[in-house]
Amino acid sequence: MGREKSEEIRVRFAPSPTGELHIGGARTALFNWLFARHQSGKFILRIEDTDVVRSQENFTQSIIKDLKWLGLNWDEGPQVGGEYGPYFQSERVSIYSEFAGQLLKSGQAYLCFCTPEELEERRKEMHKLGKSPRDDEPCRNLSSEEKSRLKKQGRKPVVRFKVTREDKIVVEDLLKGKVVFDCQTLGDFVLIKSNGLPAFNFANVIDDTLMRINYVIRGDDHLSNTPRQILIYQALGFSPPVFAHLPMILGSDGSRLSKRHGATSISYYCEQGYLPWALVNYLALLGWSTVDSQQLFEPDELIEKFTLEKVGKSAAIFDVNKLKWMCGEYIRRFKPEELLELLFPYFGKLFDIPENLSLVERERLLKIVKLEQERIRILSEIDKAEFFFNSHFSYDEKAVNKRLKRDYVIDLLKLLKEKIDKLSSFTENSLEGEIRSAAEELSLSTSKLFHPLRVALTGKMQGPGLFEVAVTLGKKEVLRRINRTLQMLKDIK
RNA sequence: GUCCCCAUAGUCUAACGGAUAGGACACUGGGUUUUCAUCCCAGCGAUGGGGGUUCGACUCCCCCUGGGGGCACCA
């Protein structure tokens with residue numbers, strides 16, 4: 001497994017377009033990307049679309065879109081090309097057949113005419129007899145007469161690799177160490193399916209070799225496939241890459257991550273307004289860490305500090321909660337102007353606010369962003385600012401019961417209305433002064449005035465500073481909302 | 001079933017065979033604040049079990065248990 005030091009590092013992410021990019025795939029892509037960038041190597045994207053039944057063109061597109069959203073740019077692959085293409089396996093079929101032919105000729109592979117049904121049937125039988133499926137590989141030594149007889153029956157053969165029964169295969173994994181597999185447990189596996197398309201293990205080895213991939217970094221669910229791939233490397237006289245099998249990401253209950261645990265697709269996190277870098281930063285910490293347990297990284301910093309040596313070996317559980325925290329950290333780091341730009345799609349979707357605003361309207365939006373910035377962790381949480389845009393917001397029931405259903409409140413609101421109406425300058429300071437002096441006149445604690453007024457203006461018990469909210473709403477709107485609240489209270493009685 | 005991988009708090013993790021086992025999220029309490037949030041302080045909380053090796057084990061070895069993955073004409 002000797003690699004020359006001068007050799008350029010080339011790694012790849014090889015998704016199959018049978019679904020959207022999910023958390024696990026994104027993490028694999030990320031670690032490959034980080035490794036490549038840290039080593040100043042190349043990150044290659046290859047689409048493994050040899051499953052004609054499940055592969056879909058639109059999944060390829062959405063995977064590409066999501067990788068771009070995450071900022072994981074590739075040096076070779078779809079849309080960018082490269083000298084080792086094509087980068088879609090469906091366009092490389094003739095290459096695989098050629099190598100399969102070579103193995104067939106040398107006797108390292110053979111044609112198998114069994115149908116999937118027959119195999120399934122016999123597997124069950126062997127299991128019943130307590131034998132391994134290895135004891136049943138009837139097509140291994142067919143005579144040419146038998147072959148032509150089976151062909152005449154219209155059977156379409158697969159190409160199987162003839163696995164030696166004696167050897168042991170040692171996988172030298174960068175993360176797991178030496179892992180030994182006994183060929184006796186492997187079984188002759190398929191290289192070329194009966195439809196002429198290559199099976200995963202075969203296409204993988206051919207492409208990794210031809211594309212000069214020298215580090216294969218992938219999930220450790222592939223560890224058990226590795227001996228089969230090493231067998232192919234050996235049979236073809238190729239030198240295998242360095243393998244690094246990453247620990248899995250599991251769901252909250254420790255089982256395989258699935259929809260049961262909530263959203264797993266990257267596009268969901270995009271829609272919900274998680275910041276891509278927050279997701280990247282969080283994912284990086286699933287299985288990798290620094291000695292000082294640093295949590296937040298700038299992009300360049302992460303690339304600089306990332307090494308495979310610090311990748312752990314035990315599976316990690318995906319914790320949305322920590323991801324949200326991290327996202328909140330990054331949201332707070334933005335300048336309000338920047339955050340406003342990110343928030344525009346949500347303002348549009350949530351409150352029908354168009355992008356082409358007047359300067360005044362934009363200033364007001366900016367002010368609202370400033371007020372909410374430390375209260376949201378993901379962009380879609382800006383929905384809590386609804387009351388700024390909707391005069392007909394609904395009152396929170398608990399808030400009404402706790403803050404408004406008090407004897408003094410109706411008189412208080414009437415009084416505040418008068419005082420606010422008379423204010424010549426409507427600023428945070430003047431308003432606060434006015435209300436504090438009102439509290440003194442009535443010998444009430446200030447909170448006895450603040451709380452009901454907040455509910456009257458926002459319908460809620462919590463939110464940004466009362467006077468900032470009021471000034472943002474404007475004097476007229478404040479008076480209107482107090483009236484509306486008075487009306488509501490009257491209706492209750 | 002079989003083969004393989006893994007095992008530090010609820011979660012992510014740190015710790016040349018030699019600290020009171022460190023940090024982060026969450027949680028609890030306190031401070032700041034008109035509420036919430038932010039911010040600050042404090043607290044809770046872990047080496048799965050059993051055997052070895054060693055002067056000394058989270059760390060090395062074995063067994064058990066638990067979890068995960070493979071065993072497809074899916075990748």
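Just so it is clear: chains get the letters A, B, ... in the order the sequence lines come, proteins before strands, and each one is counted from 1.
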Along RNA chain B (nearest heavy atom to each residue), the more 5'-positioned of A:I376 and A:Q89 | A:I376

When the nearest nucleotide of RNA chain B is assigned to A:R436 and to A:A14 on a heavy-atom basis, which residue is associated with the more 5' position?
-> A:R436

Between [options], which nucleotide gets closest to the side-chain atoms of [X]?
X	options	value
A:K310	B:C12, B:G68, B:A14	B:A14
A:E374	B:C39, B:U38, B:A7	B:U38
A:Q295	B:A24, B:C36, B:A75	B:A24
A:H451	B:C73, B:U34, B:A24	B:U34
A:K313	B:U11, B:A14, B:A7	B:A7
A:R375	B:G23, B:U34, B:C36	B:C36
A:D220	B:C74, B:C5, B:G70	B:C5
A:L250	B:A7, B:C25, B:G68	B:G68
A:K176	B:C73, B:C6, B:A14	B:C6
A:S293	B:A75, B:A14, B:C74	B:A14

N/O (side chain, [X]) to phosphate O (OP1/OP2, [N]) under 4.0 Å:
X	N	value
A:R160	B:C73	yes
A:R228	B:C71	no
A:T50	B:A75	yes
A:R332	B:C39	yes
A:K448	B:U34	no

Heavy-atom donor-acceptor pair, [X] side-chain to [N] base, under 3.5 Å:
X	N	value
A:N201	B:A75	no
A:S224	B:C4	no
A:R454	B:U34	yes

On the 0 to 90° scale, with breaks at 30° and 60°, tag the A:F467-A:F450 ring pair as parallel, tilted or perpendicular.
-> perpendicular

Between A:R27 and A:F31, is NZ or CZ placed under 6.0 angstrom from the six-membered ring centre and within 45° of the ring axis?
->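 Yes, cation above the ring, under 6.0 Å and within 45°.
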
Using whole Å, what does the distance between atom [atom2] of nucleotide [N] and atom [atom1] of [X] come to?
X	N	atom1	atom2	value
A:I47	B:C74	CD1	P	19 Å
A:F202	B:C73	CZ	C1'	14 Å
A:H222	B:C5	NE2	P	17 Å
A:D319	B:A26	CG	P	9 Å
A:I192	B:C74	CD1	P	12 Å
A:L257	B:G67	CG	P	18 Å

A:E440 atom CD, neighbour heavy-atom count above 12 within 6.0 Å = no

Is it the case that more than 12 heavy atoms not belonging to A:K448 sit under 6.0 Å from its NZ atom?
-> no

With both distances under 3.5 Å as the test, what is the Watson-Crick or G-U wobble partner of B:A19?
-> none

Below 4.0 angstrom, N of the basic side chain to O of the carboxylate: do A:E337 and A:K370 qualify?
->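 Looking at A:E337 and A:K370, the cut-off is not met.
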
So, are A:E432 and A:R436 salt-bridged, with charged N and O less than 4.0 Å apart?
->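 Yes, A:E432 and A:R436 are salt-bridged.
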
